[in-house]
Amino acid sequence: MIGHIETACFHYSGGCEMIFASNREAEWIRTTPDIRECYGKLFDKESGSSVVMLSPAKNGIILTISKMIPNRYGDNLTAYLYIPNALDISGEALQGIVFDVISSLAHNRRDAVGSCLSSISNSEYEQLSPVDFEQATTNSYAYKNKMEAFTISFRKPISKVW
């Protein structure tokens with residue numbers, strides 16, 4: 001079975017504007033956190049300009065990658081990647097995706113971010129069957145957060161810390 005990473009990007013400046021979504025009707029988009037709250041709690045006007053975080057979602061996780069717009073405190077472009085449970089993706093591939101998104105956000109251009117996210121959403125990955133997924137989460141190649149009930153399955157362990 002084939003699966004995809006779903007993506008979305010929002011521009012936060014006074015309000016919130018969706019500038020790209022691979023699936024505008026997806027349930028997970030309605031549960032994305034307002035990243036401006038993170039900026040206000042983590043940074044002041046002179047420190048910090050990026051946030052990367054994981055959040056649990058129904059049947060997967062949401063990877064949030066945000067970059068503040070220079071000289072506009074609180075205004076930012078934020079990309080959200082919904083990674084379904086049992087999506088078979090290597091740690092190196094996921095790390096590469098994160099770096100690609102960070103790079104596209106650094107350009108501070110909506111078209112660059114949209115193009116990057118579209119490319120990510122069009123990539124196909126094997127979706128593990130329930131039996132295979134259960135086996136993958138019992139070996140050393142998986143991470144499981146029992147408190148929030150979500151799992152990411154990796155074919156190989158991530159070799160770098162990021």
Side-chain angles (χ1 to χ4, degrees), residues 1-12 16-39 42 50-68 76-107 110 112-162:
M1 182 190 253
I2 299 297
H4 300 272
I5 296 174
E6 292 185 5
T7 59
C9 185
F10 291 86
H11 177 231
Y12 293 98
C16 173
E17 176 189 5
M18 181 186 295
I19 60 174
F20 176 85
S22 61
N23 178 2
R24 290 183 180 271
E25 303 303 318
E27 181 182 333
W28 67 269
I29 289 178
R30 293 185 293 276
T31 66
T32 56
D34 186 342
I35 201 70
R36 292 175 290 189
E37 294 176 18
C38 292
Y39 279 109
L42 295 173
S50 299
V51 173
V52 177
M53 68 180 189
L54 285 172
S55 307
K58 184 177 181 182
N59 299 318
I61 61 162
I62 297 173
L63 178 59
T64 305
I65 306 165
S66 182
K67 180 86 171 131
M68 194 177 297
N76 63 79
L77 284 175
T78 300
Y80 297 96
L81 285 68
Y82 173 74
I83 305 168
N85 283 337
L87 194 68
D88 193 17
I89 181 170
S90 72
E92 288 83 7
L94 187 57
Q95 184 177 13
I97 289 169
V98 170
F99 288 144
D100 288 346
V101 173
I102 290 170
S103 177
S104 72
L105 290 171
H107 287 100
R110 294 174 180 213
V113 177
S115 176
C116 176
L117 295 181
S118 177
S119 174
I120 291 167
S121 296
N122 289 331
S123 297
E124 296 181 341
Y125 301 94
E126 183 180 347
Q127 187 85 30
L128 299 175
S129 70
V131 171
D132 291 337
F133 178 64
E134 197 60 39
Q135 289 173 348
T137 59
T138 59
N139 67 32
S140 63
Y141 298 116
Y143 167 77
K144 188 176 232 178
N145 180 336
K146 295 180 187 203
M147 305 263 305
E148 296 294 338
F150 71 88
T151 305
I152 307 171
S153 176
F154 296 108
R155 201 172 269 217
K156 297 181 198 172
I158 296 175
S159 59
K160 298 177 187 174
V161 176
W162 48 281

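Model, not experiment: these values are computed from the prediction. Numbering of residues begins at 1 and proceeds along the displayed sequence.
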Candidate pair I62 and T31, rule side chain to side chain contact (heavy atoms under 4.5 Å, CB included), full reasoning: CA-CA 9 Å; I62 297 173; T31 66; 3.9 Å; yes
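When atom types are taken as modelled, the side chain of S123 and the backbone of S119 share a donor-acceptor pair closer than 3.5 angstrom. No donor-acceptor distance shorter than 3.5 angstrom exists from the side chain of S115 to the backbone of A112, with no hydrogens or angles considered. The main-chain N or O of I89 is never found under 3.5 Å from a side-chain atom of E126 such that the two would form a donor-acceptor pair.
In terms of heavy-atom proximity, N76 sits nearest to S66 at OD1-OG, 3.4 Å. Listed here is the closest heavy atom pair of I2 and Q127: C-CB, 4.2 Å. Contact between V101 and A79 at its shortest, heavy atoms only, is CG1-CB, 3.6 Å.
Counting only residues at least two apart or on different chains, no salt bridge (charged side-chain N to carboxylate O under 4.0 Å, His left out) pair has a member in residues 19-33.
Proximity of N85 to L128: side-chain heavy atoms (C-beta onward) are nowhere separated by under 4.5 Å.
To the nearest 0.5 Å, atom OH of residue Y82 and atom OG1 of residue T64 are 13.5 Å apart. Interatomic distance, NZ of K67 versus OG of S104, reported as 11.5 Å (0.5 Å rounding). Rounding to the nearest 0.5 Å places CD1 of I5 at 5.0 Å from CD1 of I83. Once rounded to the nearest 0.5 Å, the distance linking CG of L105 with OG1 of T78 reads 7.5 Å. Atoms CD1 and CD1, on I65 and I97 in that order, are 9.0 Å from each other to the nearest 0.5 Å. The CE atom of M68 sits 10.0 Å away from atom CD1 of I35, with the distance rounded to the nearest 0.5 Å.
Residues satisfying the side-chain contact (heavy atoms from CB on, under 4.5 Å) criterion with E17, sequence neighbours excluded, are H11, I19, R110. For F10, the ring pair (Phe, Tyr, Trp, His ring centres under 6.0 Å) partners two or more places apart in sequence, or in a different chain, are Y80. Residues passing the side-chain contact (heavy atoms from CB on, under 4.5 Å) test with S22, sequence neighbours excluded: E6, T7, F20, S121. H4 pairs by the side-chain hydrogen bond (donor to acceptor under 3.5 Å, both in side chains) definition with nothing, not counting sequence neighbours.
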